[in-house]
Amino acid sequence: MPRKLFITTALPYANAPFHLGHFMEYIQADIWVRFQRLQGHKVHFICADDAHGAPIMLNAEKQGLTPEKLVEKVTSERVGDLSKFNLSFDHWYSTHSPENVALLHDIYKKLKANKLIISREIEQFYDPVKGMFLADRYIKGICPKCGAKDQYGDSCEVCGAVYAPTDLKSPYSAITGAKPVLKKSEHFFFKLSDKRSAKFLNEWVANTPLQSEVKNKLAEWLGDGGKNLNDWDISRDAPYFGIELPDAPGKYFYVWMDAPVGYLASLKNYFESGKAKLNGEARSFDEFLADDEVEQYHFIGKDIIYFHTLFWPAMLHFAGRKVPNNVFVHGFIGFSGEKMSKSRGTGVSPQAYLKLGLNPEWLRYYIAAKLNDRVEDLDFNPDDFVARVNSDLIGKYVNIASRAAGFISKKFEGKLAKPQLPPDIAKEFAAAAPEIATCYDGREFGKAIRKIMALADLANQYVDANKPWELAKNEDRQSELHTVCSTCISMFRDLTVYLAPVLPQLAANAGEMFNFNAGDWKALTKLLPAGHEIKPYKHLMTRIDPKQMDALLEPALEATKEAKASAKADSKSSEHAEAANSEFALVPPETPKPVVIQPINETISIDDFGRIDLRVAKILDAELVVEADKLLKLTLDLGIETRTVFAGIRSAYNPKDLVGRLTVTVANLAPRKMRFGESQGMVLAAGDGTGIYLLSADSGAVPGMRIK
RNA sequence: GGGACGUUAGCUCAGUUGGUUAGAGCAGAGGACUCAUAAUCCUUUGGUCGAAGGUUCAAGUCCUUCACGUCCUACCA
């Protein structure tokens with residue numbers, strides 16, 4: 001019976017671009033989801049942007065935007081990254097949505113009816129200049145223990161002391177610098193201290209197959225009969241970017257209250273937009289969630305265990321809703337810091353990774369090969385990355401197809417003979433299917449990969465033992481040759497199916513080339529039939545050139561400075577600092593990269609073309625646009641006038657190298673207002689997402705000349 | 001300060017409820033081969049399993065302490 005699965009990944013905070021940690025989680029979840037789909041289960045794979053909270057509000061203000069605009073800007077910039085890593089989300093929405101308001105209000109009212117919401121007055125630091133209450137992270141001062149300056153309100157980064165903000169000497173607001181004053185305010189709390197909460201949570205933990213690390217953690221929180229459970233402050237005072245309490249004007253839900261509800265809001269929108277129906281789920285959102293058979297799983301990082309294993313199940317349970325069947329926790333992705341000098345920066349930017357044309361499936365494979373079902377950190381090691389991909393994927397796996405397919409095409413018109421696996425190898429392959437399935441299902445991806453690669457080794461050994469290159473020279477042994485190569489292709493088919501959750505694109509390409517369905521797990525019990533036709537072999541995947549890694553790891557100097565400043569301002573977390581670092585990374589233009597040629601567009605008439613007024617332009621000036629990481633501001637001489645044009649070419653050109661160059665511009669393009677000014681045209685450049693190459697006019701051309 | 005988890009060959013990792021000479025891949029060395037994207041195959045060199053104690057007939061595996069790393073410690077998304 002097919003399982004019905006509702007799967008989420010943690011909602012990314014809409015304050016910054018994605019970093020590698022996001023993609024590790026998405027890739028982990030995506031592999032699991034794809035595996036479940038291959039087993040014939042019905043999966044609804046959902047995520048959303050986490051759009052609320054004080055940091056977004058303040059950041060937006062700093063940039064002169066409304067919070068909505070900031071969120072829109074951040075999320076629109078990163079939307080393409082998701083599809084490029086072949087992530088198969090069924091729906092992506094936002095917590096800033098009417099569905100979320102409705103669901104949150106409903107949950108809140110039910111909790112209140114259950115007498116689990118109380119209010120009480122608390123005293124907190126308040127910024128009189130800004131007119132808002134300050135969370136610990138927005139208060140700085142002198143550490144009461146060691147006297148270090150500019151320490152945050154909760155702990156000292158110099159001596160490690162932990163204290164309350166009120167203990168700080170000479171406290172000041174990190175936002176305005178004003179001296180904060182203590183002020184009282186009414187806050188609303190979710191009564192986690194209620195006996196019912198502890199009782200329910202203990203039951204939930206006992207009945208949920210959580211990871212042992214998570215259980216330990218929970219035992220700590222739930223120990224002593226729940227005495228360690230304190231009430232959870234779920235309200236914030238205005239100004240706050242969030243969802244207002246239905247019965248307390250000026251009070252907003254703390255973002256961590258509305259964020260997990262966003263899982264449901266996104267699911268609801270997915271249902272109401274008709275996408276669920278297209279995905280084979282005809283029932284309504286409410287009916288779906290009321291079904292006990294539906295399994296709900298959340299993939300999260302270890303830093304947010306607290307919210308997902310205490311508040312979230314309790315909220316759902318006492319609002320009369322389905323609770324999660326499990327929460328899958330992973331560690332963080334680190335970087336081999338030791339080996340890299342600090343001047344070269346740290347971390348790997350997924351944006352730069354894509355821009356450099358590195359194959360997304362390399363990363364998927366590497367991450368899969370290192371993941372297990374535990375709450376363990378993993379390390380991104382560039383040398384390891386190159387070695388792993390090149391030797392496992394190219395040397396072992398792809399090689400099998402490459403060394404057998406040539407004979408089939410050249411000698412046997414692309415048709416297979418009946419494959420014949422030697423008994424010992426057949427046994428191994430037969431045993432592998434359930435083992436690998438268990439690994440995937442249990443999120444032991446590293447183990448699955450190891451098993452698959454062991455099978456690939458067997459296939460290569462088989463080829464060596466049977467020496468097809470010798471058989472080929474002997475006219476009497478052609479049918480042996482035919483069988484050996486056909487057997488190879490059949491083994492390759494099996495390996496491809498096994499790898500399909502990790503490498504969906506490669507698997508699809510291989511399936512297309514060799515005429516099999518890489519998504520057919522059930523076919524694994526049968527060999528490919530005699531007469532099966534394959535197309536001629538083409539390279540399925542290129543090796544990683546270590547030079548590409550060098551380019552990936554080389555951030556621009558000026559960018560590093562900028563990033564460090566902004567990282568500090570944004571967050572204390574190293575994870576965030578890493579993201580900010582990469583955000584500004586410039587990419588050297590001369591990097592080898594595979595080019596993807598897009599199909600030609602539909603035919604147009606000469607008149608259509610004539611409507612576009614192309615002119616030669618001379619670049620008089622070029623400068624960086626502060627706060628835009630992709631744009632350069634160009635001043636162009638068009639002969640009769642000068643124009644200002646913003647061009648998204650910062651990743652490929654240094655401003656000073658452009659000054660004086662002749663290029664081509666669209667002169668009659670409607671001007672477009674941008675945040676930084678009006679762009680009055682467009683310069684032409686070649687590019688497919690992996691690089692940008694500005695067009696030039698030959699010497700002798702004069703600014704203003706028409707191009708026809 | 002309290003707590004959780006981790007520390008196994010140069011690198012990345014396996015090591016089941018404690019049980020014989022601690023395993024694999026990559027890298028290194030030697031050889032074979034040439035079908036294949038300098039891929040593959042065979043052989044082989046590397047470890048007092050973070051440190052020190054302890055329990056046991058027997059410990060990488062259990063206990064204690066210490067060191068290092070990551071994270072949590074509630075109004076911090």
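Below, chains carry the letters A, B, ... as their sequence lines are ordered, and counting in each starts from 1.
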Between Tyr365(A) and Arg388(A), is there a cation-pi geometry (under 6.0 Å to ring centre, at most 45° from the normal)?
no
Looking at A24(B), which nucleotide sits across from it as a Watson-Crick or G-U wobble partner, both distances under 3.5 angstrom, or is there none?
U12(B)
Rounded to the nearest angstrom, tell me the gap between atom OH in Tyr537(A) and atom P in U37(B).
8 Å
Strictly by Watson-Crick or wobble contacts shorter than 3.5 Å, is anything paired with C57(B), and which nucleotide is it?
G19(B)
C1' gap between A67(B) and A22(B), integer Å:
24 Å
Taking only the side-chain heavy atoms of Asn372(A) (C-beta and beyond), determine which of A36(B), A14(B), C75(B) contains the nearest atom.
A14(B)
Here the distance between atom C1' of C75(B) and atom CZ of Phe125(A), to the nearest Å, is 15 Å
If you look at every strand shown and take non-hydrogen atoms under 4.0 Å, does Leu458(A) touch a base, only sugar-phosphate, or nothing?
nothing
Nearest-Å distance, CG (Leu218(A)) to P (C71(B))?
20 Å
Nearest whole angstrom, please: distance from the P of A14(B) to the CZ of Phe445(A).
15 Å
What integer distance in Å separates His187(A):NE2 from A74(B):C1'?
14 Å
Atom-pair distance (NZ on Lys467(A); C1' on A36(B)), nearest Å
15 Å
Let's test your reading of the model: under 3.5 Å, does the base of A4(B) pair with the side chain of Asn216(A) as donor and acceptor?
no
I'd like to check Glu213(A) versus Ile305(A) (side-chain heavy atoms, cut-off strictly below 4.5 Å). Are they in contact?
no
Of the options G6(B), U34(B), A39(B), whose atoms approach the side-chain atoms of Arg374(A) most closely?
G6(B)
Sugar-phosphate, base or nothing in reach of Met453(A), heavy atoms under 4.0 Å:
nothing
What nucleotide, of U37(B), C71(B), A74(B), holds the atom closest to the side chain of Asp303(A)?
C71(B)
If the C1' atom of C13(B) is compared with that of A27(B), how far apart are they to the nearest Å?
14 Å
Can you tell me which nucleotide in U40(B), C5(B), U70(B) comes closest to the side chain of Arg403(A)?
U40(B)
Whole-Å C1' distance, A9(B) and A4(B):
29 Å
Could you work out the separation of G54(B) and U45(B) based on their C1' atoms and round it to a whole Å?
36 Å
Measure from the side chain of Asn399(A), starting at C-beta and using heavy atoms only, and say which of A36(B), C26(B), C41(B) lies closest.
A36(B)
Given the P atoms of U12(B) and U55(B), what is the spacing between them in whole Å?
35 Å
Kindly point out which of C35(B), G6(B), C71(B) is positioned nearest to the side chain of Phe332(A)?
C71(B)
Assess the pair Phe492(A) and Phe514(A): is the distance between their ring centroids shorter than 6.0 Å?
yes
Ring of Phe18(A), cation from Arg78(A) - is the NZ or CZ under 6.0 Å from the centre and inside 45° of the axis?
yes
Nearest to the side chain of Asp377(A), which nucleotide is it out of G3(B), U70(B), C26(B)?
U70(B)
Can you tell me the Watson-Crick or wobble partner of U70(B), both distances under 3.5 angstrom?
A4(B)
Per atom distances to the Glu376(A) side chain, the nearest of U34(B), A14(B), A36(B) is A14(B)
For the residue pair Asp49(A) and Ser94(A), confirm or rule out a side-chain donor-acceptor distance under 3.5 Å.
no
Where does G46(B) land, syn or anti, given syn is within 90° of 0?
syn
Kindly say if Gln461(A) contacts the phosphate of C42(B), meaning a side-chain N or O under 4.0 Å from OP1 or OP2.
yes
Asp373(A) atom CG is separated from C13(B) atom P, nearest whole Å, by 15 Å
Between P on A74(B) and CG on Asp136(A), what's the gap in Å once rounded to a whole number?
9 Å
What does Gly406(A) touch in the nucleic acid at a heavy-atom separation under 4.0 angstrom: a base, only the sugar-phosphate, or nothing?
nothing
Ring centre gap for Phe385(A) and Phe380(A) strictly below 6.0 Å
yes
State which of G3(B), C11(B), C71(B) makes the closest approach to the side chain of Lys302(A).
C71(B)
Look at Lys447(A) and G15(B) and indicate whether a side-chain polar atom (N or O) is within less than 4.0 Å of OP1 or OP2.
yes
Pick the C1' atom in G53(B) and in U21(B), then give their distance to the nearest Å.
27 Å
Does one side chain, of Asp127(A) or Tyr172(A), offer a donor that lies under 3.5 Å from an acceptor on the other?
no
Determine: side-chain N/O of Arg543(A) to OP1/OP2 of A39(B), distance under 4.0 Å, yes or no.
yes
From the candidates U37(B), U40(B), U12(B), the one with an atom nearest any side-chain atom of Asp464(A) is U40(B)
